[in-house]
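Since the structure comes first, as structure tokens, the remarks are kept for the end.
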Amino acid sequence: MAGDGGPATLRGIAERLGLHVSTVSRVLNGPTGEQGRAASAETVRRIRDLADELGYRPNPHATSLRTRRSNLVGVLFPRLSEIVVATIYEGVEEEATAQGLSTFVTNTHDDPATQRERIAMVLGRRVDGLIIGDAHLDGAALADPALDSTPFVLVNRRADCGHPAVTCDDYQGGRLLAEHFLSLGHRRVAVVAGEPFASTGTDRTTGFTDRYREAGLPVPAHRVRHCSFDTAGGRRAALELLTDADRPTAVFAVNDLAAIGAMGAARDLGLRLGEHLALAGFNDTPLAAELPVPLTSVRSPMAEQGRRAVRLLLRRIAGEPVASQTLAPQLMARASTGAPVGPDLR
């Protein structure tokens with residue numbers, strides 16, 4: 001016991017309170033949702049008060065030996081430096097902590113070989129499960145046989161092979177932006193489409209172009225430019241689009257970083273946003289509303305994706321059947337999108 005020269009123990013707390021050690025263990029070390037039900041409210045209070053007084057700390061190694069669980073979740077993302085990824089991870093960490101889990105994250109830089117290496121590294125840490133935020137549509141890295149015995153869920157991106165995923169409804173988000181442009185009168189539009197291997201860019205682009213096709217205004221292939229999901233990629237793609245002979249009057253960039261790069265291209269070409277060019281992004285990162293010309297963007301529930309991914313993973317770990325979840329997007333219209341100036345002919 002603390003005070004006798006050693007650390008506080010479950011047995012010592014139980015003896016002080018005249019309780020069975022298993023009761024004390026369930027209150028202090030049981031699953032988060034069950035600790036408060038392990039004894040009466042008064043007994044739970046007495047146990048926790050004494051544990052705090054004595055400075056009791058659980059032994060995670062001993063707990064994992066008893067439960068055969070490490071209470072550790074591995075998380076894979078392309079780049080934690082990206083604001084969208086960082087916000088999703090905040091949701092993961094928040095929910096994991098509430099569930100009594102620890103997490104560690106590793107970056108894969110969206111490289112398939114690195115993805116496989118990092119999956120092997122994470123599995124070597126004896127994790128209870130994985131949350132994978134760097135999936136490619138072809139799901140190649142997810143075909144690793146080592147993953148067959150470890151539960152995992154995808155977040156932010158889906159894969160065509162059908163693994164359970166928590167994502168924004170990216171397709172619907174693209175349609176929302178198309179509806180917005182159509183309502184403003186834009187007929188000649190373009191897409192800064194991101195990387196073709198990622199469901200985020202692909203689904204947002206498809207939603208947008210499908211709605212324009214339904215309106216009788218199909219978007220030509222040369223007005224859909226793929227690029228990296230960053231400002232440099234957005235700038236390059238936008239420069240190509242905005243220097244075409246049939247320059248579009250509106251551009252949809254499939255994430256806010258690419259949209260900010262497109263802003264730079266428009267500035268260099270002397271185009272005023274909201275007047276000469278309508279420009280919109282996706283995710284509604286905190287920066288979007290604070291730019292010199294506030295950026296129209298589709299808001300995706302980034303942190304909530306992370307929280308739900310943890311809950312879905314816990315259900316998989318428990319052996320429950322699970323299904324993918326898509327969260328609703330919301331259009332945030334701002335000054336960067338206005339009606340076209342002059343006749344807008346195809």
Side-chain angles (χ1 to χ4, degrees), residues 28-33 35 57-136 139-159 163-167 198 200 229 285 301-320 322 324-325:
L28 297 179
N29 293 334
T32 302
Q35 292 178 0
R57 294 290 179 271
N59 181 335
H61 180 64
T63 300
S64 68
L65 289 175
R66 288 194 301 273
T67 64
R68 298 184 180 274
R69 284 185 52 183
S70 63
N71 291 328
L72 183 64
V73 171
V75 185
L76 280 74
F77 277 122
R79 294 169 188 83
L80 198 60
S81 59
E82 295 177 359
I83 183 63
V84 173
V85 170
T87 304
I88 294 171
Y89 183 63
E90 286 178 2
V92 168
E93 191 173 45
E94 175 187 311
E95 185 65 23
T97 300
Q99 298 287 351
L101 304 171
S102 298
T103 65
F104 74 96
V105 63
T106 183
N107 297 319
T108 66
H109 306 289
D110 256 336
D111 173 65
T114 305
Q115 288 173 323
R116 289 188 286 270
E117 291 172 3
R118 298 296 163 82
I119 286 172
M121 180 272 289
V122 170
L123 293 175
R125 298 280 295 271
R126 295 182 59 249
V127 295
D128 292 331
L130 288 84
I131 294 174
I132 297 174
D134 63 347
H136 288 198
L142 306 177
D144 189 330
L147 283 172
D148 292 344
S149 57
T150 304
F152 68 90
V153 299
L154 311 183
V155 69
N156 192 43
R157 299 179 185 174
R158 62 174 183 85
H163 297 295
V166 179
T167 63
T200 44
F229 288 113
T285 54
M302 295 175 283
E304 182 63 15
Q305 287 182 57
R307 288 188 285 266
R308 292 205 188 191
V310 173
R311 296 172 204 155
L312 197 68
L313 179 62
L314 286 172
R315 289 176 57 196
R316 287 209 78 185
I317 291 171
E320 300 176 19
V322 299
S324 293
Q325 300 178 15

Under the 3.5 angstrom rule, does the side chain of [X] hit a backbone N or O of [Y] as a donor-acceptor pair?
X    : Y    : value
D110 : P78  : no
D128 : S70  : yes
Q115 : D134 : yes

>> Set out, in order, the CA-CA distance, both residues' side-chain angles and the distance that settles side chain to side chain contact (heavy atoms under 4.5 Å, CB included) for F229 and T200, then state yes or no.
In response: CA-CA 10 Å; F229 288 113; T200 44; 3.9 Å; yes
> So do H136 and P112 actually touch side chain to side chain, heavy atoms under 4.5 Å?
Replying inline: yes
>> Less than 4.5 Å apart, side chain to side chain, heavy atoms only: is that true for V85 and N107?
In response: no
How close do [X] and [Y] get, heavy atom to heavy atom, and via which atoms?
X    : Y    : answer
A165 : R157 : CB-O, 4.1 Å
A146 : L123 : CB-CD1, 3.5 Å
L312 : V322 : CD1-CB, 3.7 Å
N156 : Q305 : CA-OE1, 3.1 Å
G139 : A159 : CA-CB, 4.3 Å
T285 : M302 : CA-CE, 4.5 Å

As an exercise, state the distance from [atom1] of [X] to [atom2] of [Y], rounded to the nearest 0.5 Å.
X    : Y    : atom1 : atom2 : value
I131 : I88  : CD1   : CD1   : 11.0 Å
T103 : L130 : OG1   : CG    : 12.0 Å
I132 : L142 : CD1   : CG    : 5.0 Å
R126 : T150 : CZ    : OG1   : 11.0 Å
L80  : T108 : CG    : OG1   : 11.0 Å
M121 : L76  : CE    : CG    : 7.0 Å

> With sequence neighbours excluded, what pairs up with H163 under the ring pair (Phe, Tyr, Trp, His ring centres under 6.0 Å) test?
Replying inline: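 Once residues adjacent in sequence are excluded, the partners of H163 under the ring pair (Phe, Tyr, Trp, His ring centres under 6.0 Å) criterion are F152.
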> Between R311 and E304, is there a salt bridge with N-O shorter than 4.0 Å?
Replying inline: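 Salt bridge flag = yes for R311 with E304.
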>> Using the side-chain contact (heavy atoms from CB on, under 4.5 Å) definition, which of the options T167, V153, V166, L313 pairs with R308?
In response: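 One option only clears the test, and that one is V166.
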> Between V73 and V310, is a side chain to side chain contact (heavy atoms under 4.5 Å, CB included) present by the stated rule, with each step listed?
Replying inline: CA-CA 9 Å; V73 171; V310 173; over 6 Å; no
